Amino acid sequence: MGIRFQDTMAGKVIDFEPLEPGLVRMYNCGPTVYTYAHIGNFRAFLLADLIRRLCEFRGLEVRQVMNITDVGHMTVDTDDAGEDKMEKAVRQEGKSAFDIARFYEAAFLADLDALGIQRAQVYPRASDHVAEMIELVAALLEKGIAYQAGDAILFDISKYPEYGRLSHKRLEDLQAGAGGRLTGEMLDQKRNPGDFRLWKVDPAHVLQWDSPWGRGYPGWHLECSVMARKYLGDTLDIHTGGEDNIFPHHESERAQIEPVTGKPFVRYWLHTRHLMAEGTKMSKSLGNFYTVHGLMEEGFDPIAIRYLLISTHYRAPANFTKEGLKGAWESVVRIRQFVRRMEEAAGGPGGASGSGAAPTSGTAAAPEAAAGGAPEGSIAPALSDFEQTFGEAVDDDLNMSKAFAAVFDFMREVNRLEPTGGEARRAAEAIRRADRILGLLAEEKAGEEDAAIDALVAERQAARKGRDFARSDQIRDELATRGIVLEDTPQGPRWYRK
RNA sequence: GGCGCCAUAGCCAAGUGGUAAGGCGACGGUCUGCAAAACCGUUAUUCACCGGUUCGAAUCCGGUUGGCGCCUCCA
């Protein structure tokens, strides 16, 4: 069948074919770096990651660009309406806009890594592309699509008949100012209520650049149009963002670039549904506003966040809870445990190529000759079932719930068969292949205290042999408090970090 | 005021006309010195509510309730 995505413009799931066979050009709306991104933001970035991983899983090369919005010009919602977010951050933190942007950009990249999100090739900063934005504005003015009004250059949406097609809005139906983000003066300047700013002359702004129209700052939508074109060309295959970006942001991106290139800007638009927390909208005042680093400080593993966020379909409203996060972690552990056990049963991780983590567990990997192994070929039916179901699920607009169900079904089947040797290796490799999309398995790093742990485990074995179970349980409990899980298997004790 | 989405077990969540996937949790069992892991079994006669269409509805239609998004610089 091949990959299918729900395209916002088409309003339905359609077959995905990149413009240039074998190469996917993808642009993702990235973070605004005036504060920490919250986990809802990362839902969108995880969608981008899943798309990237799926395309690569299917053998496509992906060129991926994600912007860093550091120009400001985002107003704060509700009470501070009208105040520029960067200005607010500057005022509150007493640092320069530049320092703040760089700080949160670094925090953002660290969060990406923590969540196992593969890095895009380029993270262009809006502030580095103001010259290109000015060029685009000049081109639009020249074509008569933009006009000057007071201290602003505005885009005239009446010159772009497609305006509204992406968001499926009829402009006549829109109520000017209903979003509460437009002031009366702004509306008065405009020929149409929907006209949006391309440049604002404001020499007092925290971030400002020279332009032919005066010192000021660029309109928000410009950066994506300009940077996408610069790094990926006139036509993108995929453009992603949160559902709130559909209108007006993405609608405007199309409007301002297509008349200049004369080509379709984006072939497939994908948007994530917003994430809720504890049953309602995330908000700082409700105390249900979560960040990756904040949850990590509470002791949660970021991969649990990844699991939780990707296991719900990206177009369905998802509800984040701490309880869900704990459950997500248990699921991750189950998958990791499976791979670890299979690789041990196989006599070590995937051969000389070293497909991944060497189990740190000390002691006795079972020799291949161990009794009770499933006969050669016995996992084959479960394996082909799994590859089939998993592949179909991810191809189908990233149906991750179904994909995970396939993973768990497969693991249960295989666990029942208790394979060893090559059979166990094939089972582990199947999950590792799936993990190229899931991104849940971790490289296990050998800890410095491994030798000490081995010594304690050996001491415990001795105690057990002498039927000193009090001492043996004491050692196990002690290890548990250090995050070490100890299991006694028929092949001897094994331990690992949880 | 306009446009749109969602509601499935204690929790998370698939399924969009053919008789309720999967995970977490809980309970019982096998295994174990005891555990852990793993496996087996139980945990929704029912899919927010009320009507309708149909041989058949969680799935389609109408209405109600609740939640969410956008309406022109919030993923």
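Keep in mind it's a predicted model, so treat the numbers as computed, not measured. Each chain gets a letter, A, B and so on, in the order its sequence line appears, and its residues count up from 1. Hydrogens, waters and symmetry mates play no part in the numbers below; they use all other heavy atoms, side chains included.
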Can you tell me if [X] touches the phosphate of [N], counting only side-chain N or O atoms and a distance under 4.0 Å to OP1 or OP2?
X	N	value
Lys281(A)	rG69(B)	yes
Thr312(A)	rA13(B)	yes
Asn399(A)	rA14(B)	no
Asn319(A)	rC12(B)	yes
Thr32(A)	rA75(B)	yes

Can you check whether [X] and [Y] have ring centres sitting under 6.0 Å from each other?
X	Y	result
Tyr268(A)	His239(A)	no
Tyr307(A)	Phe404(A)	yes
Phe320(A)	Tyr290(A)	yes
His250(A)	His221(A)	no
Phe45(A)	Phe108(A)	yes

Please evaluate residues Ser378(A) and Glu423(A) with respect to the criterion side chain to side chain contact (heavy atoms under 4.5 Å, CB included), reporting the C-alpha separation (whole Å), side-chain torsions for both, the decisive distance (0.1 Å), and the verdict.
CA-CA 8 Å; Ser378(A) 60; Glu423(A) 290 290 277; 3.5 Å; yes
With a non-hydrogen cut-off below 4.0 angstrom, is [X] in contact with a base, only sugar-phosphate, or nothing?
X	result
His38(A)	base
Thr280(A)	sugar-phosphate
Leu275(A)	base
Ile246(A)	nothing
Arg460(A)	base
Glu487(A)	base
Gly40(A)	base
Asp473(A)	base

Nearest to the side chain of [X], heavy atoms from C-beta on, is which of [options]?
X	options	answer
Ala316(A)	rA14(B), rC68(B), rA37(B)	rA14(B)
Arg476(A)	rA37(B), rG67(B), rC34(B)	rC34(B)
Asp244(A)	rA36(B), rA38(B), rC74(B)	rC74(B)
Met282(A)	rA75(B), rU72(B), rA35(B)	rA75(B)
Gln337(A)	rG33(B), rA37(B), rA75(B)	rA37(B)

Polar pair under 3.5 Å, donor/acceptor by atom type, side chain Arg273(A), base rC68(B)
yes
Between the base of rG33(B) and the side chain of Arg464(A), is there a donor and acceptor pair under 3.5 angstrom?
yes
Mate of [N] where both pairing distances stay under 3.5 Å, Watson-Crick or G-U:
N	result
rC34(B)	none
rG69(B)	rC3(B)
rC27(B)	rG41(B)
rU54(B)	none
rU59(B)	none
rU16(B)	none
rC47(B)	none

If you restrict it to nitrogen or oxygen atoms, what contacts under 3.5 Å exist between nucleotides 19-24 of chain B and the protein, and what is each distance?
residue: rG23(B); atom: O2'; partner: Ser331(A); partner atom: OG; Å: 2.1

[N] [atom2] sits how many Å from [X] [atom1], rounded?
X	N	atom1	atom2	result
His250(A)	rC70(B)	NE2	P	14 Å
Asn415(A)	rU30(B)	CG	C1'	15 Å
Tyr34(A)	rA75(B)	OH	C1'	10 Å
Phe247(A)	rG4(B)	CZ	C1'	13 Å
Leu112(A)	rA75(B)	CG	P	15 Å
Asp156(A)	rU72(B)	CG	P	17 Å

What distance, rounded to whole Å, do you find between the two [atom1] atoms, one in [N] and one in [M]?
N	M	atom1	answer
rC50(B)	rC24(B)	P	33 Å
rC55(B)	rU65(B)	P	32 Å
rU43(B)	rC34(B)	C1'	27 Å
rA14(B)	rG33(B)	C1'	43 Å
rG62(B)	rU53(B)	C1'	11 Å
rU8(B)	rA13(B)	C1'	9 Å
rG23(B)	rC39(B)	P	9 Å

Lys322(A)/Glu278(A) salt bridge by N-O under 4.0 Å criterion
no
Can we say Arg306(A) and Asp49(A) salt-bridge, meaning some charged N sits less than 4.0 Å from an Asp/Glu carboxylate O?
yes
Kindly give the atom pairs (protein nitrogen or oxygen, nucleotide nitrogen or oxygen) under 3.5 Å for nucleotides 58-61 of chain B.
none

Could you give me the CA-CA distance, side-chain angles and deciding distance for Tyr27(A) and Gln64(A), then say whether side chain to side chain donor-acceptor pair (under 3.5 Å) is met?
CA-CA 6 Å; Tyr27(A) 185 91; Gln64(A) 185 189 7; over 6 Å; no
With side chain to side chain contact (heavy atoms under 4.5 Å, CB included) as the criterion, how do Trp209(A) and Val130(A) come out once you've worked through the C-alpha distance, each side chain's angles and the decisive distance to 0.1 Å?
CA-CA 8 Å; Trp209(A) 291 264; Val130(A) 175; 3.5 Å; yes
Has His274(A) got its ring stacked on the base of rA75(B), with centres under 5.5 Å and planes less than 30° apart?
yes
Would you compute the distance between atom CD1 of Ile484(A) and atom CD of Glu478(A) and round it to the nearest 0.5 angstrom?
11.0 Å
Suppose we screen for side chain to side chain contact (heavy atoms under 4.5 Å, CB included). Which residues come up paired with Ala318(A), at least two apart in sequence or across chains?
Arg43(A), Leu275(A), Thr312(A)
Tell me, with the steps shown, if Asn67(A) and Thr69(A) meet side chain to side chain donor-acceptor pair (under 3.5 Å).
CA-CA 6 Å; Asn67(A) 63 294; Thr69(A) 297; 3.0 Å; yes
